[in-house]
Novice: 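Before I ask anything, here is the structure I am working with.
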There are 2 protein chains.
Amino acid sequence: MYQYDYPHPAVTTDIVIFTLQDNELKVLLIERSNDPYQGCWALPGGFVDIDEGLETAALRELKEETGVTGVYLEQLYTFGRPNRDPRERVISVAYYALVPIDKLHVRPDSDASKAEWHACSSLPDLAFDHQQIVGLARQRLAAKMDYSTIGLNFMPDKFTLSELQRVYEIIKGVPLDKRNFRKRVLTFNGINDTGEKRQAGKHRPARLYTFKSQGTAEIIK
Amino acid sequence: MYQYDYPHPAVTTDIVIFTLQDNELKVLLIERSNDPYQGCWALPGGFVDIDEGLETAALRELKEETGVTGVYLEQLYTFGRPNRDPRERVISVAYYALVPIDKLHVRPDSDASKAEWHACSSLPDLAFDHQQIVGLARQRLAAKMDYSTIGLNFMPDKFTLSELQRVYEIIKGVPLDKRNFRKRVLTFNGINDTGEKRQAGKHRPARLYTFKSQGTAEIIK
DNA sequence: GCAAAAGTGTTCTAGGTACACCCATGT
DNA sequence: ACATGGGTGTACCTAGAACACTTTTGC
C-alpha cells in the first residue's frame with residue numbers, strides 16, 4: 001500500500017508502433033485480456049514504473065511487444081482528459097515508433113492475448129482514446145515526412161531507391177516522379193551507396209543504399 | 001489519505017509564459033517561497049487536480065499568475081526524468097503561452113513570494129529542470145515563427161505592420177526587409193486593415209491592423 | 001525645411017515541377 | 001527479342017531575396 005496526502009493519478013505510456021507491410025502503413029495493436037475494454041483492440045502500453053524514465057518505459061513496451069530495439073522513437077503528446085480511463089485518473093504519455101520492415105519479430109507478452117498488425121486504412125474500434133492517439137501520430141508522421149529524414153527509419157539496413165520512393169508514396173498517398181525523387185534524396189548526403197547491387201526479378205539489378213543515422217530524424221529543407 | 005496498490009507519481013503542469021517587452025523576449029518566473037529550491041526562480045506551475053484536464057490546469061495557472069485569458073496555449077513536452085524533483089516522483093506536462101504586450105496584469109498568488117518578467121537572454125539559475133523546459137519552448141517558438149501565424153499572438157488588438165515586423169526581428173534575431181515582410185504578411189489574409197491610423201511621433205501615421213483569430217496558430221506555407 | 005518612420009515595385013536567383021528515353025537482366 | 005523495373009538530364013515556372021526612393025507628419 002502506498003499513501004499520499006493528495007490523490008495521485010496513474011501515469012502510463014501508450015505507443016503507436018508503425019511499420020510498412022504489403023504496401024500499407026500498419027500499426028501494432030494488442031487485444032486486451034483484462035477489463036476494462038476486455039477483448040477490445042488497444043495500443044501497447046502500460047504503467048510507468050516509479051523509478052523509470054518515460055522514454056525508458058516506452059522502449060520497454062516496444063521491446064516487449066515487438067522485440068525490436070534501436071528504432072526511431074519520439075514523444076507524441078500527453079493525453080490526460082479526466083475519465084479517459086474508467087478505473088482511475090490515468091494520464092498517458094504517448095510515443096510513436098517506426099519499425100523497419102525487416103526487424104519485426106512480434107511476440108505478444110502475457111498482458112495481451114494477441115498482438116497483430118492492422119492497416120491504418122481499416123482500424124477496428126479501439127479502447128480508451130486510442131483512436132485519437134493513432135490519428136495524431138499519423139498526422140505527425142505525415143508532416144515529418146516532408147521536412148525531415150524520418151521516413152528513412154522504415155528502411156532495412158540496405159535498400160534500393162525504388163523501395164524508398166515506394167515508402168514515401170504510401171505514406172503521402174500520392175505518386176512521385178522518379179527523377180525528381182532521386183535528385184532530392186541524393187542531394188541530401190545522409191545516405192550512402194554501398195557499391196553492392198541486388199538482383200530481384202528479370203530486370204536490371206538495383207544499387208543498394210544505407211542510411212547513416214538509423215534511429216534519428218534530421219530536419220532538412 | 002489516499003491509498004494505491006502501486007506507487008503513483010505526482011503530475012504537475014509547468015508553463016512557459018512568453019511576452020515581448022522593451023524589445024526583448026521575456027518569460028514569467030516566480031520566486032519559490034517553499035522548499036525545495038526555496039528562494040530560487042522557477043516556472044509558474046503546480047499540481048494537476050485529480051479531476052482537472054491538463055490544459056485546464058495550465059490555463060488556471062496562467063490566469064492565477066498573469067490574470068490573462070484567451071491567449072495562445074500549446075502543450076510543449078512532458079518531462080519525467082526520475083529525481084527531477086527531490087520530494088517524490090513528479091512528472092510535469094509543460095505548456096507554453098504567448099501573452100500580448102498589452103494584456104498582462106501580473107498578480108503573483110500566494111504560492112509565490114513574487115513573479116517577474118525575465119529577459120530570455122539573461123535568465124537566472126532555475127529550479128528543477130526548468131532551464132531545459134524554457135530552452136525547448138524557445139526552440140519551438142522560433143521554429144513556429146517560420147511556418148505558422150503564432151507570432152500574431154504577441155500583438156495587441158490593433159497593431160501596425162512595423163510593430164509586427166519588430167516582433168519577428170526580435171524573436172528571429174535578424175533584421176528583415178520591410179517590403180518583403182509586408183508583401184508576405186499581406187498575402188496571408190488573416191489580418192485586416194481596420195481603416196484606422198495611429199499617430200505616434202513626428203512622422204507619418206501608420207495603418208492599424210487586427211488579427212482575425214487570436215489564440216490560434218494556423219500553419220502557413 | 002528637416003528629421004523620422006510609413007509606404008510602395010521590380011529584377012534576379014534558386015529550387016521545385018513536369019516530362020521521355022535508354023539500360024541491364026531473365027525468360 | 002521482349003518484358004520488367006533501374007537509371008538518367010533539361011526546360012519551365014514560381015516563390016523568395018535583394019534593393020531605393022517618395023510620402024506624411026511634427027517640430
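A note on names: the letters A, B, ... follow the listed sequences, proteins ahead of strands, and every chain is numbered from 1.
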Novice: Which residue lies toward the 5' end of DNA chain D, A:Tyr209 or B:Lys183, if each is placed at its nearest nucleotide?
Specialist: A:Tyr209
Novice: Where along residues 160-181 of chain B does a heavy atom come under 4.0 Å from DNA chain D, residue by residue in number order?
Specialist: B:Asp177, B:Arg179, B:Asn180
Novice: List in chain and number order the residues that pass salt bridge (charged side-chain N to carboxylate O under 4.0 Å, His left out) with A:Lys172, two or more places apart in sequence or in another chain; answer none if no residue qualifies.
Specialist: A:Asp146
Novice: Is there a donor-acceptor contact under 3.5 Å from the side chain of A:His130 to the main chain of A:Leu43?
Specialist: yes
Novice: Tell me, which of residues 191-205 of chain A have any heavy atom that sits under 4.0 Å from an atom in DNA chain C?
Specialist: A:Gln199, A:Gly201, A:Lys202, A:His203, A:Arg204, A:Pro205
Novice: Reading DNA chain C from 5' to 3', where do the contacts with chain B start and stop? Cut-off is 4.0 Å to heavy atoms.
Specialist: C:dA3 to C:dT10
Novice: Listed by chain and number, what are the side-chain hydrogen bond (donor to acceptor under 3.5 Å, both in side chains) partners of B:Thr194, not counting sequence neighbours?
Specialist: none
Novice: Holding to salt bridge (charged side-chain N to carboxylate O under 4.0 Å, His left out), I want the full list of residues that pass it with A:Glu74, two or more places apart in sequence or in another chain.
Specialist: A:Arg140, A:Lys144
Novice: Among all residues two or more places apart in sequence or in another chain, which pass the salt bridge (charged side-chain N to carboxylate O under 4.0 Å, His left out) test with B:Arg182?
Specialist: none
Novice: Mind checking side-chain contact (heavy atoms from CB on, under 4.5 Å) for B:Lys202 and listing every partner two or more places apart, or none if nothing turns up?
Specialist: none
Novice: Under the side-chain hydrogen bond (donor to acceptor under 3.5 Å, both in side chains) rule, collect the residues that match up with A:Arg204, sequence neighbours excluded.
Specialist: none
Novice: Applying salt bridge (charged side-chain N to carboxylate O under 4.0 Å, His left out), can you list everything that pairs with B:Lys197, at least two apart in sequence or on another chain?
Specialist: none
Novice: Using a cut-off of 4.0 Å on non-hydrogen atoms, how would the nucleic acid contact of B:Arg182 be classed: base, sugar-phosphate, or nothing?
Specialist: base
Novice: The criterion is ring-ring contact (aromatic ring centres under 6.0 Å, His included); which residues satisfy it with B:Tyr72, sequence neighbours excluded?
Specialist: none
Novice: What pairs with B:Glu24 under side-chain hydrogen bond (donor to acceptor under 3.5 Å, both in side chains), at least two apart in sequence or on another chain?
Specialist: B:Ser121
